[in-house]
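Working notes, structure below.
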Amino acid sequence: MSGKGLVELVSVHKSYGNRPAVTDVNLRIPSGAYCCLLGPSGCGKSTTLRMLAGHEAVTEGDILMDNRNVTLLSPTQRGTAMMFQNYALFPHMNCLDNVAFGLRIGGMKTAERHARARELLALVNMQDYAQSFPDQLSGGQQQRVALARALITEPDVVLLDEPLSALDPFLRIKMRKELKSIQQKLGLTFIHVTHSQEEAFALADLAVVMEGGRIQQIAEPRELFEQPATPFVAQFIGGHNLLTAQPGARQNDQVQLHFDPQGSGWIDSHRLPAGQGELSFSVRCDHIDLQPGQHPAAAGQFAVTASISDIEFQGQFIYVECTTSTGNTLMAYLPDRHFGQLPLHAGDLVTLSWSAQHLNLFQPQHLNSTAQVAQPAMAI
Ligand code: ADP
């Protein structure tokens, strides 16, 4: 473990001309963390990564590495190494020379460079390909060589721009396991840009969801999925229903929420976000149960009556889409086993229910997702 590689972005802004690309990014990535910058195309992930690498100037704000302000330093002075999406291997050099290249700039002798490059080729399981040229390698092999080349300068922080996107789905899963295992073995900080929530969930200790140049949420993947902070995050990571509700009757320390003329439930009133009026919440599709017919909500449950508008077989689960009489759409993921026991068809009237504990209420300040302010720096 290097014990280095603490990365901080403090109020970082980036504009191209007068068009903002990254706005008010505050982020602390602990030493040795695997951090994924996640979001749709154009949300500012790569710009953030390029600013960390020193390939893009920061318009405002500071970048700190191990408490050292590197904002104005060149890429080679930062202790970072970048692995590009297309691997950017030199086509006229064999693998050994590609990997050793970073040390050539440092002026190291050939024999020493090659010895070190062989060690790194062995680390990524490419020792048998030292004399091969990039066009003789598969995508996965090129990626391993590119990783070895990034690691040879002994960086504290490795920056990876969509490193798996050029690989087929099978290889992508294999390579992401290898990336994680090398990161853990070396104890380096990895910052990995991806638009795939599945990839971020599999890899990240810390996931950062961006949208419109701003951070929407910084969290461990499980927290991101259990408690998306904004409707955008819930929608982007998928598998969530988004609904609005009105608070109604109160009883003891409980308040009733109506999210549909046919749908309501009770929650502890202390869970109510500050302010009155309409609330917004999400509930995971796999937390929803389905019963044929119309049933009242059981204690501690939310329930709504709806008719099935679509059923799709998805392999491990059955996707059931339901529409209430007022047009609210709810999606449920039912385990295949469970679904098989229910005689359900499109057009059937059903009751959807879920535990009040599974209701994820959004805080009002997070509702306008593009106006959300980045969370303060955090540690894990
Ligand atoms: P992502 O990596 O999330 O797809 P980017 O960081 O590449 O997004 O882009 C963020 C925004 O900045 C986009 O609106 C994009 O068009 C703009 N942008 C990125 N690079 C440049 C550039 N070199 N010149 C002008 N605008 C750019």
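Both ligands and their constituent atoms are indexed starting at 1 by order of listing. Note that the numbering runs from 1 along the sequence shown for the chain.
- Screening residues 111-146 for ring pair (Phe, Tyr, Trp, His ring centres under 6.0 Å), with sequence neighbours left out, gives no hits.
- With sequence neighbours excluded, the residues forming a side-chain hydrogen bond (donor to acceptor under 3.5 Å, both in side chains) with E312 are Q314, listed by chain and number.
- Under a 3.5 Å cut-off, the side chain of E56 and the backbone N or O of M51 do not form any donor-acceptor pair.
- In the displayed structure, Q136 atom CD is contacted under 6.0 Å by more than 12 heavy atoms of other residues, nucleotides or ligands.
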Output a table of donor-acceptor pairs, distance under 3.5 Å, between side-chain atoms of residues 285-293 and any protein atom two or more places apart or on a different chain; print 'none' if there are none.
from : atom 1 : to   : atom 2 : distance (Å)
D286 : OD1    : R284 : NE     : 3.0
D286 : OD2    : R284 : NH2    : 2.8

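- Rounded to the nearest 0.5 angstrom, L224 CG and Q217 CD are separated by 4.5 Å.
- Ordered by chain and residue number, the residues placing a heavy atom less than 4.0 Å from ligand 1 are Y16, A21, P40, S41, G42, C43, G44, K45, S46, T47, R50.
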